[in-house]
Chemist: 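I have a structure here, written as structure tokens, and I will follow up with some questions on it.
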2 protein chains.
Amino acid sequence: MPAGTVLDLGKFQESERRLTPQRQAVLKAFLELSQEHPTAEAIYQAARRHCPTVGIATVYRSLDLFVQMGLIQKVPSLNGTARYETQKVPHNHFVCLKCGRIYEFDKRPVVDKNIEKEGFEVISSSTVCFGYCPACRQ
Amino acid sequence: MPAGTVLDLGKFQESERRLTPQRQAVLKAFLELSQEHPTAEAIYQAARRHCPTVGIATVYRSLDLFVQMGLIQKVPSLNGTARYETQKVPHNHFVCLKCGRIYEFDKRPVVDKNIEKEGFEVISSSTVCFGYCPACRQ
DNA sequence: GTGATTGCAAAGGTTTTGCAGTAAC
DNA sequence: GTTACTGCAAAACCTTTGCAATCAC
């Protein structure tokens, strides 16, 4: 895999999807920000630096597409603003109840085989902690 | 604790908060539905049966208050619609990616002491699984 | 050329807010 | 009598959608 390539873009060629400049800009923006679990708005701002004419609707459509393709993942939110992150299963989060920032901490796989026996299909699992981050504690 | 009482309402007397008929209706509605991790809208509909004049804004304000008081808990969502549940720490969820319903499965405490050393204050933690529930798999 | 994709603007859904009136203590 | 609380309607916010124009293949 070439240096700098984190996502498997071959999936575009395999499908009938097009890797347009807008989608590239959204992907690039996402990769730049992926450490901080960016919101759609943050990705939009960053994407406009690569493709100044891109619209917010295209950003949402692209992100949905990437989620659907399994390239990235949507993180559930407490305040109604979705965040996105790289596809890592399992992964563990700390969500700050005040600022909403998401931090990642060391992996600690937790899988429960029982619920699959009950007919649930588990795609991914993660452990989430809620509380206050160092910046918000003072 | 009297039968049927699940939440600690003494917290109302301790504070200068008032336990109005509207708030009682919201609490009652929440308790009726707590098994299914209700949305604010569902709680609103149920609360109107107990207090027909209650407004949706009051429902939101009450739920926020209960969360703040630690009586109930808000569940992060993927689709922008919050859900509420009883305060249980830790608790484990299965979130259906299709219908958004939340199922609870057996407790399996996962705590990471390391992140507290780094300055994070952990209020609660839970393990979340994403996938498809039995009803949505066909 | 054809069909997927885009940008815009409008609509959608959920939640919050301002404010005058009301009710709990 | 105070002060917290309420209902209403409007606003705020995030996200999705319809559609004509455009672009990638």
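Just so we're on the same page: letters track the sequence lines, and every chain starts at 1. Reckoned from all heavy atoms, side chains included, excluding hydrogens, waters and symmetry mates.
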Chemist: Take nucleotides 12-25 of chain D nucleotide by nucleotide from the 5' end and write B, S or -, depending on whether a protein heavy atom sits under 4.0 Å from the base, only from the sugar-phosphate, or from neither.
Modeler: --SSBBB-----B-
Chemist: With no hydrogens and no angle check, is any side-chain donor or acceptor of B:R83 less than 3.5 Å from a backbone partner on B:S77?
Modeler: no
Chemist: Expressed in angstrom and rounded to an integer, what is the separation of A:L78 atom CG from C:dT14 atom C1'?
Modeler: 15 Å
Chemist: Is there a side-chain contact between A:R17 and A:Q68, using heavy atoms and a 4.5 Å cut-off?
Modeler: yes
Chemist: Below 4.5 Å, heavy atoms only, C-beta onward: do A:Y84 and A:V67 meet side chain to side chain?
Modeler: yes
Chemist: If you take all heavy atoms of B:F30 and B:E85, which pair is closest and at what distance?
Modeler: CZ-C, 3.3 Å
Chemist: Could you give the CG-to-P distance, from B:L27 to D:dC5, as a whole number of Å?
Modeler: 14 Å
Chemist: Is any side-chain heavy atom of A:F66 closer than 4.5 Å to a side-chain heavy atom of A:V26?
Modeler: yes
Chemist: Would you tell me if any nitrogen or oxygen in the side chain of A:R23 comes within less than 4.0 Å of OP1 or OP2 on C:dA4?
Modeler: no
Chemist: Using the side-chain hydrogen bond (donor to acceptor under 3.5 Å, both in side chains) definition, which of the options B:R48, B:R49, B:E41 pairs with B:Q45?
Modeler: B:E41
Chemist: Between P on C:dT17 and CG on B:L63, what's the gap in Å once rounded to a whole number?
Modeler: 15 Å
Chemist: Nearest whole Å is fine: how far is D:dC5 P from B:Q24 CD?
Modeler: 13 Å
